[in-house]
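In what follows, residues are counted from 1 in the order of the sequence shown. The figures that follow rest on heavy atoms only: side chains count, while hydrogens, waters and symmetry mates do not.
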Amino acid sequence: MTRMQSYTIGQAARLLGVSPDTARRWADAGRVATHRDESGRRLIDGRDLAAFSVEVGQAGAGEEEPGYTSARNAFPGIVTAVKLGDVAAQVEIQAGPHRLVSLLTREAVEELGLEVGMQATARVKSTSVHIDRT
């Protein structure tokens, strides 16, 4: 069994798609639990961050949406669910306000060691690309 990953406020902010100040305010308000490491840094447990990222994603984008965007094909985020079948698996990643679901082999999930609360990047290849200007 691997040790659960913890995230600094800055890492959590990047995964949630908000500024470190916003993530810090959320932690100060008790919206997500933190603990301190031996150096005194505030950390968020991976499972807590995964649950909170789903909450934030369902509520819509963070407080600081970019004014102009062209979605990239790499979405760094946090694993929020892993469902294993006999041969196939389903993995969900929350990347800021974006929820991505991937169907892959069980073998691939096991080789990558994917678990809820881990940082992962979803990569998307598409023949159709949409660009929005807001």
Any side-chain heavy-atom pair of R24 and R42 under 4.5 Å: yes
Distance in Å, T34 OG1 paired with L49 CG, rounded so as to fall on 0.5 Å steps: 12.0 Å
From CD (E55) to CD (Q94), nearest 0.5 Å: 11.0 Å
Euclidean distance, Q11 CD relative to L16 CG, rounded to 0.5 Å: 11.5 Å
Rounded distance [0.5 Å steps], CD1 in I78 versus OH in Y7: 4.5 Å
R106, CZ atom: more than 12 neighbouring heavy atoms under 6.0 Å: yes
Considering all heavy atoms, the nearest L100-V124 contact: CD2-CG2, 4.0 Å
Closest heavy-atom pair and its distance - A95, P76: CB-O, 3.3 Å
Side chain to side chain, T105 and V87, heavy atoms closer than 4.5 Å: no
Contact check, side chains of S6 and H35, non-hydrogen atoms, under 4.5 Å: yes
Cluster link I9 to F52, ILVMFWY, side chain under 4.5 Å: yes
Euclidean distance, R123 CZ relative to F75 CZ, rounded to 0.5 Å: 11.0 Å
Sidechain-backbone polar pair: E38 side chain, G40 backbone, donor-acceptor under 3.5 Å: no
For E107, salt bridge (charged side-chain N to carboxylate O under 4.0 Å, His left out) partners two or more places apart: none
Cluster overlap L84 with V116, hydrophobic side-chain contacts below 4.5 Å: no
Contacts of type salt bridge (charged side-chain N to carboxylate O under 4.0 Å, His left out), residue R14, not counting sequence neighbours: none
Side chain to side chain, L15 and Q119, heavy atoms closer than 4.5 Å: yes
Minimum heavy-atom distance between A12 and I44, given as atom pair plus value: CB-CD1, 3.8 Å
Distance (rounded to the nearest 0.5 Å) between S102 OG and I93 CD1: 7.5 Å
salt_bridge(D28, R25) N-O dist < 4.0 Å: no
M118 reachable from V101 in the ILVMFWY side-chain graph, under 4.5 Å edges: no
Partners meeting salt bridge (charged side-chain N to carboxylate O under 4.0 Å, His left out) with D37 (sequence neighbours left out): R41
